[in-house]
Q: 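This is the structure I want to talk about, given as structure tokens.
So that the names make sense, note that chain A is the first sequence line, chain B the second, and so on, each numbered from 1. Only this structure's heavy atoms are used, side chains among them; waters, hydrogens and symmetry mates stay out. For clarity, every value in this text was computed on a predicted model and none was experimentally measured.
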Amino acid sequence: MRLRNRDLLRSGLRTFLLQAVWNFERMQNVGWAWCMLPVLRRLYPGRQELAQATKRHLEYFNTHPYLAGVILGCAARVEEKAALGEGATAAEVTAVKMGMMGPLAALGDSFFWATLRPLAALLGVLMAFFAQAEGGSWAPWGVAAFLLAFNLPHLLVQSLGAAFGYAAGDAIVPLLRKVEVPVLVHRMQAAGLVLLGTLLAGLQGFHPPHEEGMAGGLVVAAFGLLAFLLVRRKVRISHILWGALFCSILASYIYPSPFWGQP
Amino acid sequence: MEFTLFDPVTLKVALLCGLLGMESSAALQLMLSRPLVVGYLVGWLCGDVRTGLLIGCLMEMLYGGMLPVGAFIPPDYHLATAITTAGSLRLQGLGMPPNDAVMVFMLLCSIPLAQAASRTEGWARRMNVALCHWADQGVGQGRLRGLRLSVGLALLVQFLRSSLLGWAGVGLLVPLLWRVLVSLPPQIIAGLSRMTWLLLALGLAVMADMFWNRRLISLLASSFAVAWLLIHLLHVPLAAMAGLAVAGSLAAALLAKPSAH
């Protein structure tokens with residue numbers, strides 16, 4: 001029996017629980033097999049065949065969770081061909097999975113985790129800080145902006161991934177090659193730097209618990225620059241924090257009244 | 001103020017921690033467990049959204065660079081944020097020490113807490129190996145129900161793990177940390193108070209590192225200059241500036257030209 005749209009949809013939606021049983025041995029394998037079940041049930045009505053096909057999908061599997069649907073669609077296409085005797089074999093299903101999981105993991109990590117999430121977070125932080133500075137009640141919109149900015153592309157990719165992978169079939173590799181992740185990342189870095197520049201300019205409106213004078217502002221700016229240089233050199237953030245705390249406490253012993261003004 | 005394990009706020013925060021513990025890696029991953037969102041939610045539960053959001057923003061900036069790549073388990077930032085926010089809000093307003101010292105102290109204590117909590121995530125993942133073998137065996141014998149049960153059990157374990165840690169954190173750890181905080185000498189309290197701006201500066205440094213691109217440095221400088229002029233000379237409201245920033249960032253994204261390789 002051929003796969004229907006609803007089989008792919010059901011399997012695709014299950015990718016939201018792909019990482020539920022993440023384990024150190026075979027990583028996302030249990031979640032993956034569970035995601036494939038609606039497709040396999042449609043293709044293998046017999047209990048023995050179904051169990052055999054499911055067992056095949058309990059091998060090692062690890063990829064970016066948002067892009068697993070693309071692999072699922074491709075694997076479903078090959079499984080359908082194998083089930084209907086159209087020239088594909090079980091080994092080809094495994095080969096498709098193994099061949100795609102690494103590249104898609106790298107693509108997902110560099111786009112979603114390393115770029116989109118920080119960009120959405122920066123947008124949320126900017127809106128929250130600006131709203132707090134004005135005493136506005138729109139600060140929660142910063143949270144909404146963060147969630148929207150991240151989840152619109154995420155949900156688009158994850159919910160349509162299975163259908164896309166199934167429709168593309170063998171053409172998936174040339175199609176994925178057209179996605180120029182370095183270009184996307186570069187553009188999002190540009191967007192991020194504009195937001196960062198605006199946030200830096202607007203921070204003066206954010207009132208700290210103490211009224212700081214010019215000297216205090218210079219100390220903070222100098223620390224920010226030093227922290228940036230240390231972070232660029234991969235110094236751990238916790239080490240920088242403890243170092244800053246030590247210096248701050250030392251300053252309190254040396255200068256009993258606040259260095260940059262009265263509390 | 002009495003701290004109990006069974007007061008409504010502690011239980012609500014524990015329930016939230018449980019739900020977000022599932023969401024952070026096992027289910028959905030809609031970023032509801034990010035510090036920015038957790039700070040807001042816990043602030044809302046504790047009756048002070050403003051402070052909750054501030055703590056959430058600080059922790060989001062500080063933890064932003066931790067990526068869940070491969071087998072790496074990042075620190076449990078959602079738990080750390082929930083306990084920091086609930087602890088800060090419950091202890092603030094008690095007079096001594098000042099509120100910002102309380103917030104910074106709780107935030108600093110959340111670092112080892114987040115690391116410790118991520119170890120329990122490692123235990124849960126080791127337990128999942130047993131679930132994997134059990135499901136595998138079941139499928140080999142033609143029983144597919146084991147797959148669904150494994151997923152359900154693993155989610156339940158995540159929920160229990162996070163909710164118990166959240167419950168113990170707010171109900172037990174926060175009162176303990178309060179006793180430590182009030183016994184600190186005034187110079188250390190003053191040092192903690194001063195850290196608020198330093199934390200903000202560090203958070204900005206972490207964010208700058210994430211977006212750093214030498215070829216785009218002029219963009220950072222020009223956006224800062226334009227924004228500064230608009231805010232401080234032309235007195236454009238910050239709400240409008242946020243909108244302009246979004247428009248500017250979209251324009252920058254569309255017009256940025258990566259160099260040819």
Q: Please state whether the side chain, the backbone, both or neither of L126(A) comes within less than 4.5 Å of a heavy atom of chain B.
A: side chain
Q: Heavy-atom distances under 4.5 Å only: say whether L245(A) touches chain B with side chain, backbone, both or neither.
A: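 Both backbone and side chain.
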Q: In terms of heavy-atom proximity below 4.5 Å to chain B, should Y253(A) be classed as side chain, backbone, both, or neither?
A: both
Q: Examine whether an atom of R232(A) lies under 4.5 Å from a heavy atom of chain B, and if so say whether it belongs to the side chain, the backbone or both; otherwise answer neither.
A: both
Q: Any idea which of A251(B), A245(B), A253(B) has the most non-hydrogen atom pairs under 4.5 angstrom with chain A?
A: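 Top count of heavy-atom pairs under 4.5 Å with chain A: A253(B).
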Q: Please look at L155(A) and chain B and tell me whether the side chain, the backbone, both or neither of the residue comes under 4.5 angstrom of a heavy atom of that chain.
A: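 L155(A) touches chain B through side-chain heavy atoms alone.
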Q: Going by atom types alone, do Q29(B) and H154(A) pair a side-chain donor with an acceptor below 3.5 Å?
A: no
Q: Report all side-chain donor-acceptor pairs from residues 134-150 of chain B shorter than 3.5 Å, counting only partners two or more places apart or in another chain.
A:
unit_1: D136(B); atom_1: OD1; unit_2: K55(A); atom_2: NZ; d: 2.8
unit_1: D136(B); atom_1: OD2; unit_2: R26(A); atom_2: NH1; d: 3.1
unit_1: D136(B); atom_1: OD2; unit_2: R26(A); atom_2: NH2; d: 3.1
unit_1: Q141(B); atom_1: OE1; unit_2: R143(B); atom_2: NH2; d: 2.4
unit_1: S150(B); atom_1: OG; unit_2: G146(B); atom_2: O; d: 2.6

Q: Are the side chain of N151(A) and the backbone of L30(B) linked by a donor-acceptor contact shorter than 3.5 Å?
A: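 Yes, because the side chain of N151(A) sits within donor-acceptor range (under 3.5 Å) of the backbone of L30(B).
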Q: Please classify the contact of P65(A) with chain B as side chain, backbone, both or neither, using a heavy-atom distance under 4.5 Å.
A: side chain
Q: Quick check on W141(A) against chain B: is it the side chain, the backbone, both or neither that has a heavy atom closer than 4.5 Å?
A: neither
Q: Do any N or O atoms from the side chain of H232(B) and from the backbone of G202(A) form a donor-acceptor pair under 3.5 angstrom?
A: no
